[in-house]
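Letters A, B, ... mirror the listed sequences (proteins, then strands); counts begin at 1.
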2 protein chains.
Amino acid sequence: MTSTPPAPGAPTADALTVEVVELLGTVVARYHEEYEEAAGQHSLTGAQARVLALLSREPLPMRRIAQQLKCEPSNVTGIVDRLEGRGLVERRPSPEDRRVKLAAVTEQGRQTSARLRESLDFAREPLAGLTTTERTLLRYLLQRMLGLDAAPPAEHPEYAEHAEHP
Amino acid sequence: MTSTPPAPGAPTADALTVEVVELLGTVVARYHEEYEEAAGQHSLTGAQARVLALLSREPLPMRRIAQQLKCEPSNVTGIVDRLEGRGLVERRPSPEDRRVKLAAVTEQGRQTSARLRESLDFAREPLAGLTTTERTLLRYLLQRMLGLDAAPPAEHPEYAEHAEHP
DNA sequence: TATTGTTATACTCTATAACTATA
DNA sequence: TATAGTTATAGAGTATAACAATA
């Protein structure tokens with residue numbers, strides 16, 4: 001029951017941190033499973049679903065897609081090929097630079113993307129059990145984890161007592 | 001500035017929930033990037049690193065590995081083959097059932113696994129900015145998300161004011 | 001007959017390198 | 001010459017189906 005004192009200078013993580021990291025690992029795993037499953041229900045691979053979601057926001061040059069996917073540009077060719085082969089995406093020339101091709105969702109692609117977005121509502125299932133207060137708190141903690149320097153829900157946590165009505 | 005009223009009966013997620021889901025997505029993405037990168041530093045793929053981590057706890061029948069990875073057993077053959085080819089893992093016969101083969105880490109595999117575990121310390125980097133109180137809170141919220149029905153840090157959030165000394 | 005692990009096959013994603021057409 | 005996209009190639013993960021050894 002020793003309190004695992006943080007060894008000075010050592011990179012050792014304390015027990016609490018290790019626990020949180022493991023929980024994050026579990027959340028990450030579940031998130032991915034559900035994402036792949038939702039994509040599969042629309043006969044899409046994970047990568048295809050991600051590109052479709054990206055393009056449903058705005059048309060993008062192939063190069064930009066690669067940057068978003070953090071993969072080599074050559075790989076995007078095949079992924080977009082397959083989406084295009086199914087009529088979900090199309091390639092357009094860029095008006096500004098004749099070297100670039102813009103990938104854009106078709107109307108069918110837009111619909112598929114919308115249905116996909118619904119079916120991958122990690123929202124309800126995992127978050128349903130949390131109150132508004134807890135979700136607000138979780139948002140804050142995740143923002144801080146990501147270095148987004150967010151404003152705390154309130155100066156004092158008592159806020160939680162009265163925050164049920166957003 | 002309308003408050004996005006939850007449509008009755010509709011599965012629509014409110015704005016706060018959507019925000020939390022997107023943050024989770026970002027955390028998931030970063031977690032994966034770091035995991036793959038850490039694995040790559042040891043010339044391992046993500047799947048290989050996961051199997052190695054699994055086996056560093058205890059030897060496992062091939063079938064069990066597949067269950068943990070949520071993939072078909074036939075795929076495990078190749079992954080273990082590659083780990084075995086590098087001397088990180090070995091196959092042993094099961095004393096109980098001559099059909100099953102137990103995959104187990106070698107001494108070298110154990111060491112690689114340990115070094116891998118250190119280098120993928122998502123712990124410090126993302127969590128370093130959080131206080132003990134915040135980490136405790138985050139642990140609680142993640143546990144609730146996962147349906148682990150955890151005990152709250154305290155009945156009243158004021159606890160946070162005095163929780164700095166675990 | 002059922003189960004374990006494997007092999008064979010096909011598809012997708014991935015990185016690398018070379019090619020083309022533009023700039 | 002530099003850049004955008006593509007092609008070619010090879011390695012890895014994945015699912016499916018068929019197989020041998022064992023239960």
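Comparing atom distances between the D97(B) side chain and each of dT6(C), dA4(D), dT22(D) picks out dT22(D) as nearest.
Residue R98(A) places at least one side-chain N or O under 4.0 Å from the OP1 or OP2 atom of dA23(C). Contact annotation: R99(A) does not reach the phosphate of dG5(D) (side-chain N/O to OP1 or OP2, under 4.0 Å). Taking 4.0 angstrom as the limit, R91(A) places a side-chain polar atom (N or O) nearer than this to OP1 or OP2 of dT6(D). At the phosphate of dG5(D), neither OP1 nor OP2 sits under 4.0 Å from any side-chain N or O atom of T77(A).
Residue-to-nucleotide proximity on DNA chain D shows that, of V100(A) and D81(A), the 5′-proximal contact is made by V100(A). Each of T45(A) and E96(A) has a nearest nucleotide on DNA chain C; the 5'-most of these lies closest to T45(A). For the pair G46(A) and R64(B), nearest-nucleotide mapping onto DNA chain C gives the more 5' position to R64(B).
Distance alone, capped at 3.5 Å, places no donor-acceptor pair between the R139(A) side chain and the P153(A) backbone. Checking side-chain atoms of Q68(A) against main-chain N and O of L54(A) turns up no donor-acceptor pair under 3.5 Å. Side chain of E134(A) to backbone of T131(A): a donor-acceptor contact under 3.5 angstrom is found.
Atom P of nucleotide dG5(C) and atom CD of E84(B) are separated by 14 Å, given to the nearest angstrom. In this structure, L44(B) places its CG atom 16 Å from C1' of dT14(C), rounding to the nearest Å. Distance CG (L52(B)) to C1' (dA12(D)): 17 Å, rounded to an integer number of Å. Between the CD atom of E72(A) and the C1' atom of dG5(D) there is a distance of 13 Å, given to the nearest Å. Note: CG (N75(B)) to P (dA10(C)) measures 16 Å, nearest angstrom. Atom CD in Q67(A) sits about 12 Å away from atom C1' in dT3(D), given to the nearest Å. The nearest whole Å value for the distance from the CE atom in M62(B) to the C1' atom in dT22(D) is 17 Å. If you measure from atom NZ of K101(A) to atom C1' of dT3(D), you get 14 Å, rounded to the nearest angstrom.
R115(A) has no carboxylate O lying under 4.0 Å from a charged side-chain N of E118(A), or vice versa, which leaves the two without a salt bridge.
The base of dT14(C) does not come close enough to the side chain of S74(A) for any donor and acceptor atom to sit less than 3.5 Å apart.
Using a 4.0 Å heavy-atom cutoff across all strands shown, R50(A) reaches no nucleic acid atom at all.
Crowding of R64(A) atom CZ: a count of heavy atoms from other residues, nucleotides or ligands under 6.0 Å not exceeding 12.
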